[in-house]
Amino acid sequence: LIKDNILGSQNIGIALDEGDYNIVDNNFVNVSCSSCKGIHVNKGHYNNITNNSVESATGNAINILRANNNTLINNSATGTGTGGTAIKIQSGSNETILINNTAKSTSKNGIWIQKSVNVLLVDNNGTSGTSNGINVQNSAEINLTKNYGRSTSSFGIQIQGGTYGN
């Protein structure tokens, strides 16, 4: 259990590197170095990430990489710099669930699903200043229900590149 912490100024605020069955709840994470990640799950499975406030200046606020069966509920994620996606689910992060998250990025996608299968997004808010609010790329069996995607200069929700079964 990782709960009620305030973290800042490190490369990765919370890292679950091959960590399974963890609960990450009610933390405040603010990182500002180059390519920093607020919450990073790498090859960790069956984790619950809930009620966190995460900000990253140049990296992804919440980053899920090669990690299956993770659930993100009621998180606020903000990417404020030139390289910051708010929530990124990537490279084989299958069976991921996102419910009621707010994801804001000034320069990248609010929510970016990439190369993953069977991802469920319900009641999320993805916004971006210069990219897509919600972007699904090279993925399959993605279910988007009651989400809000907004961009001031691109697509609210974009499905692209080999994505099928949605």
Side-chain angles (χ1 to χ4, degrees), residues 1-128 134-144 147:
L1 174 65
I2 302 171
K3 184 175 175 72
D4 297 330
N5 297 289
I6 299 173
L7 303 160
S9 299
Q10 56 277 347
N11 186 32
I12 298 174
I14 297 172
L16 300 178
D17 195 12
E18 299 185 23
D20 300 337
Y21 298 98
N22 294 288
I23 297 171
V24 179
D25 182 57
N26 201 42
N27 298 286
F28 176 80
V29 181
N30 187 338
V31 292
S32 59
C33 62
S34 179
S35 299
C36 288
K37 294 169 182 68
I39 296 175
H40 179 64
V41 180
N42 179 29
K43 299 180 186 173
H45 311 296
Y46 301 97
N47 296 294
N48 289 315
I49 300 169
T50 58
N51 305 311
N52 298 287
S53 177
V54 186
E55 298 177 16
S56 179
T58 61
N60 303 324
I62 298 176
N63 192 64
I64 311 294
L65 175 64
R66 294 184 299 269
N68 297 324
N69 300 95
N70 290 288
T71 302
L72 286 75
I73 299 174
N74 201 36
N75 297 288
S76 174
T78 305
T80 59
T82 57
T85 295
I87 298 175
K88 188 170 185 180
I89 311 297
Q90 62 178 321
S91 301
S93 295
N94 306 320
E95 309 286 335
T96 301
I97 297 171
L98 285 83
I99 299 172
N100 197 38
N101 297 286
T102 299
K104 299 177 185 177
S105 177
T106 56
S107 65
K108 296 290 184 179
N109 298 305
I111 298 172
W112 189 359
I113 310 298
Q114 183 183 49
K115 298 180 183 174
S116 296
V117 177
N118 199 11
V119 177
L120 173 66
L121 286 85
V122 178
D123 290 324
N124 296 286
N125 183 335
T127 60
S128 176
I134 298 172
N135 187 15
V136 178
Q137 183 180 40
N138 298 320
S139 297
E141 301 172 19
I142 308 301
N143 181 339
L144 291 103
N147 295 285

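Start at 1 with the first residue, then count along the sequence.
Donor-acceptor pairing under 3.5 Å is lacking for the side chains of Asn118 and Asn94. Defined by atom type and a distance below 3.5 Å, a donor-acceptor pair is present between the side-chain atoms of Gln137 and Trp112. Between the side chains of Asp20 and His45, no donor-acceptor pair is found at a separation under 3.5 Å. For Asn100 and Asp123, the side-chain atoms include no donor-acceptor pair closer than 3.5 Å. Residues Asn135 and Gln114 have side chains that never bring a donor and an acceptor to within less than 3.5 angstrom of each other. Using a 3.5 Å distance cut-off with no hydrogens or angles, the side chains of Asn26 and Asn51 do not pair a donor with an acceptor. Judged by distance alone, the side chains of Ser128 and Asn109 never bring a donor and an acceptor atom under 3.5 Å apart.
The CG atom of Asn52 sits 11.0 Å away from the CZ atom of Phe28 when rounded to the nearest 0.5 Å. In this structure, the separation between CG on Asn74 and OG on Ser76 is 9.0 Å, given to the nearest 0.5 Å. In this structure, CD1 in Ile97 is found 7.5 Å from CD1 in Ile73, a value given to the nearest 0.5 Å. Atom CG in Leu16 sits 12.5 Å away from atom CG in Leu65 (nearest 0.5 Å). Between the OG1 atom in Thr71 and the CD1 atom in Ile99 there is a gap of 7.0 Å [rounded to 0.5 Å]. The distance from atom CG of Leu120 to atom CD of Glu95, rounded to the nearest 0.5 Å, is 10.5 Å.
Taking each heavy atom of Val31 and Gly38 in turn, the nearest pair found is CG2-N, 3.8 Å. Nearest heavy atoms, Gly92 versus Asn68: O-OD1, 3.0 Å. Contact record, Lys104 with Thr127: CG-OG1, 3.3 Å, taken as the closest heavy-atom pair. Smallest separation of non-hydrogen atoms from Lys43 and Ala67: N-CB, 4.0 Å. Taking both residues in full, the closest heavy atoms of Ser91 and Arg66 are given as O-CG, 3.0 Å, listed atom of the first, atom of the second, then distance. Here the closest non-hydrogen pair linking Ala61 and Ala86 is CB-O, 3.2 Å.
Checking each of Ile64, Ile142, Ile87, Thr96 against Ile113 for a side chain to side chain contact (heavy atoms under 4.5 Å, CB included) leaves exactly one that passes, namely Ile142.
Between Leu7 and Ile14 the shortest side-chain heavy-atom distance falls below 4.5 Å. Using a 4.5 Å heavy-atom threshold, the side chains of Asn48 and Asp25 count as separate. For the pair Lys37 and Val54, the minimum side-chain heavy-atom distance is 4.5 Å or more. In this structure, Val41 and Asn22 have side chains that are not in contact, with every pair of non-hydrogen atoms separated by 4.5 Å or more.
Other residues, nucleotides and ligands place more than 12 heavy atoms under 6.0 Å from the CG atom of Leu1.
Between the side chain of Asn70 and the backbone N or O of Ile49, no donor-acceptor pair lies under 3.5 Å. In terms of modelled atom types and a separation under 3.5 Å, the side chain of Asn27 and the main chain of Asn5 share a donor-acceptor contact. Under a 3.5 Å cut-off, the side chain of Asn47 and the backbone N or O of Val24 do not form any donor-acceptor pair.
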Asn60 and His40: CA distance, side-chain angles, deciding distance, side-chain contact (heavy atoms from CB on, under 4.5 Å) verdict:
CA-CA 9 Å; Asn60 303 324; His40 179 64; over 6 Å; no
